[in-house]
Amino acid sequence: MPKAPVLTPQADDFPRWYQDVVAKAELADNGPVRGTMVIRPYGYAIWERMQAEVDARIKAAGAQNAYFPLFIPESYLTREAEHVEGFSPELAVVTHAGGKQLDEPVVVRPTSETVIGEYMAKWIQSYRDLPLLLNQWANVVRWELRPRLFLRSSEFLWQEGHTAHVDHDDAAAYAERIHLDVYRSFMVDVLAMPIWVGRKTAKERFPGAVNTITCEAMMRDGKALQMGTSHELGQNFARAFDITFLDDHGVQQHVWTTSWGVSTRMVGGLIMAHGDDAGLRLPPVLAPVQAVVLVIRDEAGVTDAADKLVAELRGAGVRADLDGRADISFGRRATDWELKGVPVRVEVGPRDLANGEVTLVRRDTGTKVQVPLTGTAAAVGAALEAAQADLYAGALARRDAATAEVATLAEAHEAALTGFAKLPWAAVGESGEAELAKSGITVRCLQRADGTLPRADDEADLVALVARSY
RNA sequence: CGGGCUGUAGCGCAGCUUGGUUAGCGCGCCUGCUUUGGGAGCAGGAGGUCGCGGGUUCGAAUCCCGCCAGCCCGACCA
């Protein structure tokens, strides 16, 4: 009899598989308040790696980090009509504090356009103060009825950028720049995830935005996940918060603002885009631990050799850790590292050492090769590079195989059972969008025929990408 | 908010129909010995207000009533 699988196989029950991975790879736990999430050290290490990579890109795009308060006066939210309408169902509101009822209730930020707008108004006087490019790393609260760890929780962690510009074109260009140079670059180069970049339909747009650009990724069950968004807010918030500047002709004008964010949801996306029946598969560029050196048995100088290997790998710039827990069976430890998705395992045992070699195992492919002890660092480096490329190629192949180009709504329905459908936006329209919604299918984004970003909803010959989504 | 289901050890469950010893099983946990090249084996051990409250009964995890909580499906979201 074969052993029971470590995880529920994806093909049996994908959501169950997801929960199993989150639990067994020790990524997160449910918090005591329904919908809240405890991020465990390994899950948080993944998030910290994401933060580091995204933060560096944000700074390269010229934005600076700052921090705004968790509590926002309720009145701020109500100043922008669409914004308050969009968020009010999921607001957590503090009515009592300091032992008494508050004169004005305070909301826990669901996003910070409003507070930041208030301060932009204070700080911006002249066109010389523009553009103002701010970002903050923070937690936000959006009360959720149907929570799922990482994908949808009542409190989550994210980065939210908020910028102000002299005119529409500068704002639009910056929102697009962030989307491509920060988000797409990060998702493709670090997460090894292919994504569609497109424009949200009016129905799917951020409350208060005039345009929302999205990164849409496909999970291994064929469903879509929105991995990040950038919004052009036009002058909506500038008017609501009176953010004005004196232009170079001495004329007072409202600024044009943008906002953009990615969250801990990306951890969920990463799990579901790459994970397999043995657990997580982390792309090497992201992985908190890129290589684990595993002592098979602590005899004949094996531990010493393993220690040296770890030091050598670290010297070569590899994030390497030692697993010298020789009191736990080899098989158990091997499965644990597979669950955690560590890209490369270097196994060292007496037999290897006797031959002057080590066993190198790739997590993504499962391939095992013997390499000379003296060439380990180089072999690990090569394996990491190959794994990064192969994970991307695999995800891209799966996505393209599960994306059908169709012509009609009926065909789109069919295709969305297993993946994405691409069809002319003209064949969908707002009525078609409502029709699809009845089956739980949404228009993920609109693209031009060549895959580039549309400048307007009513451009001719736009293509709609539709799918079921998380 | 409407419909369906479930509450028994950290997790997953059996037991309930037909009330009756000390409430079991798997995983996990602790101790010891033997193990360690794919989730170890054996032996011993710890761990429970059976969701909560009431009722029926000599006796309730089991039957009855009420409550509470959670899960799944229909309107929104990073």
Side-chain angles (χ1 to χ4, degrees), chain A residues 2-8 13 15-16 19-20 23-24 29-30 32-35 37 50 54 85-91 109-112 138-148 150-161 183 200 203-207 212 214-217 224-231 259-269 278-279 294-299 302 323-339 345-355 357-359 361 366 368 370 434 437-440 442 469-470:
Chain A
K3 286 201 168 80
V6 177
L7 304 168
T8 305
D13 185 345
R16 185 72 182 271
Q19 290 186 314
D20 285 358
K24 296 206 174 175
D29 236 326
N30 285 307
V33 172
R34 178 174 159 75
M37 166 169 64
M50 290 184 174
V54 170
E85 192 188 330
F87 280 111
S88 57
E90 27 186 11
L91 289 182
R109 64 179 163 221
T111 178
S112 305
N139 58 339
V140 284
V141 168
R142 299 180 186 178
W143 216 254
E144 285 294 347
L145 301 174
R146 293 183 170 289
R148 297 192 64 185
F150 291 115
L151 299 173
R152 199 191 290 116
S153 48
S154 288
E155 179 192 3
F156 58 89
L157 305 182
W158 77 346
Q159 146 282 311
E160 51 177 322
Y183 296 162
K200 284 290 185 189
K203 182 173 179 291
E204 299 286 329
R205 207 170 274 157
F206 177 78
T212 291
T214 181
C215 290
E216 297 288 327
L225 182 73
Q226 179 175 309
M227 293 277 289
T229 46
S230 299
H231 317 288
S259 68
W260 26 277
V262 291
S263 73
T264 39
R265 169 180 278 189
M266 290 194 297
V267 177
L294 201 154
V295 173
I296 288 178
R297 249 181 300 162
D298 183 20
E299 55 185 61
V302 170
D323 181 352
R325 301 172 296 167
D327 53 332
I328 300 174
S329 77
F330 165 78
R332 158 63 60 155
R333 290 181 290 148
T335 4
D336 279 351
W337 293 115
E338 278 167 3
L339 274 168
R345 208 163 63 233
V346 180
E347 300 175 357
V348 196
R351 196 191 301 163
D352 298 297
L353 283 190
N355 297 330
E357 52 190 26
V358 297
T359 306
V361 189
K368 284 190 187 189
Q370 300 297 125
K438 290 179 193 163
S439 314
T442 48
S469 71
Y470 280 96

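Reminder, nothing fancy here: chain letters follow the sequence lines and each chain counts from 1. Every value quoted in this text rests on a predicted model; they were computed, and no experiment measured them.
- Between R205(A) atom CZ and rC77(B) atom C1' the separation is 16 Å, expressed in whole Å.
- Comparing A437(A) and E347(A), the nucleotide of RNA chain B nearest to each residue sits closer to the 5' end for E347(A).
- Between V302(A) and D352(A) there is no side-chain heavy-atom pair separated by less than 4.5 Å.
- Note on T264(A): nothing from the nucleic acid sits closer than 4.0 angstrom, heavy atoms only.
- Nucleic acid contact for S153(A): base, since at least one base atom lies under 4.0 Å from a heavy atom of the residue.
- Following rounding to the nearest Å, R152(A) (CZ) and rC77(B) (C1') show an atom-to-atom distance of 7 Å.
- Among V141(A), L91(A), V140(A), the single residue meeting the side chain to side chain contact (heavy atoms under 4.5 Å, CB included) criterion with P110(A) is L91(A).
- Listed nucleotides rG70(B), rA78(B), rG37(B) differ in distance to R34(A); the shortest reach to its side chain belongs to rG70(B).
- The residue D336(A) sits apart from the nucleic acid: no heavy atom pair falls under 4.0 Å.
- Within 6.0 Å of atom CD in E85(A), 12 or fewer heavy atoms from other residues, nucleotides or ligands are found, so the atom counts as exposed in its surroundings.
- In this structure, E338(A) reaches the bases: a heavy-atom distance under 4.0 Å links it to at least one base atom across the strands shown.
- Using a 5.5 Å limit on the distance between ring centres and a 30° limit on the angle between planes, the aromatic ring of F330(A) does not count as stacked on the six-membered base ring of rG38(B).
- We find that CZ of R148(A) is positioned 15 Å from C1' of rA78(B), with the value rounded to whole Å.
- With both ends at atom C1', the span from rG51(B) to rC68(B) equals 8 Å, rounded to whole Å.
- Residue-to-nucleotide proximity on RNA chain B shows that, of L7(A) and G261(A), the 5′-proximal contact is made by L7(A).
- Atom name C1', nucleotides rG15(B) and rC72(B): the rounded distance is 25 Å, in whole Å.
- The closest side-chain heavy-atom distance from F156(A) to R142(A) is below 4.5 Å.
- Residues F206(A) and T229(A) are not in side-chain contact: their nearest non-hydrogen atoms beyond the backbone lie 4.5 Å or more apart.
- Nucleotide rC13(B) holds its P atom 7 Å from the CZ atom of R16(A), rounded to whole Å.
- Comparing rC16(B) with rU62(B), their C1' atoms are spaced 4 Å from each other, to the whole Å.
- Residue contacts for A23(A): at a heavy-atom cut-off of 4.0 Å it reaches no nucleic acid atom on any strand shown.
- Nearest nucleotide to the R332(A) side chain, out of rG38(B), rG28(B), rA78(B): rG28(B).
- When distances run from any side-chain atom of T335(A) to the nucleotides rG37(B), rG70(B), rG38(B), the shortest one goes to rG38(B).
- At whole-Å resolution of the value, OH in Y470(A) and P in rC76(B) are 19 Å apart.
- Put simply, CZ on R109(A) is 18 Å from C1' on rC77(B), counting in whole angstrom units.
- When the C1' atom is compared between rG47(B) and rA60(B), the two are found 24 Å apart, to the nearest whole Å.
- Taking atom C1' on both rU56(B) and rC65(B), the two are 11 Å apart, rounded to the nearest angstrom.
- Between F150(A) and G268(A), the shortest heavy-atom contact is CB-N, 3.8 Å.
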RNA chain B in dot-bracket, Watson-Crick or G-U pairs under 3.5 Å, [ ] crossing, | other strand? (((((((..((((......[...)))).((((((.....)))))).....(((((..]....))))))))))))....
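- For the pair K200(A) NZ and rC77(B) C1', the interatomic distance rounds to 10 Å; values are reported in whole Å.
- Separating the C1' atom of rA78(B) from that of rC73(B) is a span of 24 Å, rounded to the nearest Å.
- rU6(B) sits 15 Å from rA14(B) when the C1' atoms are compared, rounded to a whole Å.
- The number of heavy-atom neighbours closer than 6.0 Å to CZ of R325(A), taken from other residues, nucleotides and ligands shown, is above 12.
- For R345(A) and rG38(B), a side-chain-to-base donor-acceptor distance below 3.5 Å is present, hydrogens and geometry of angles not being considered.
- The distance from atom NZ of K24(A) to atom P of rG12(B) is 12 Å, rounded to the nearest whole Å.
- Counting non-hydrogen atoms under 4.0 angstrom, P350(A) reaches a base of the nucleic acid.
- Residue-level contact check: R333(A) touches neither bases nor backbone, having no heavy atom under 4.0 Å from any strand.
- Taking only side-chain atoms of R146(A), from C-beta outward, the nucleotide of rA75(B), rC71(B), rA78(B) with the closest atom is rA75(B).
- Donor-acceptor pairing under 3.5 Å, judged by distance alone, is present between the side chain of K368(A) and the base of rG38(B).
- R265(A) contributes a side-chain N or O that, together with a main-chain N or O of L151(A), makes up a donor-acceptor pair within less than 3.5 Å.
- No side-chain heavy atom of R351(A) sits less than 4.5 Å from a side-chain heavy atom of R297(A).
- The existence of a salt bridge linking K24(A) and E338(A) is excluded, since no basic side-chain nitrogen approaches an acidic carboxylate oxygen closer than 4.0 Å.
- Using atom C1' as the reference point in both rC64(B) and rU21(B), the two lie 26 Å apart (nearest Å).
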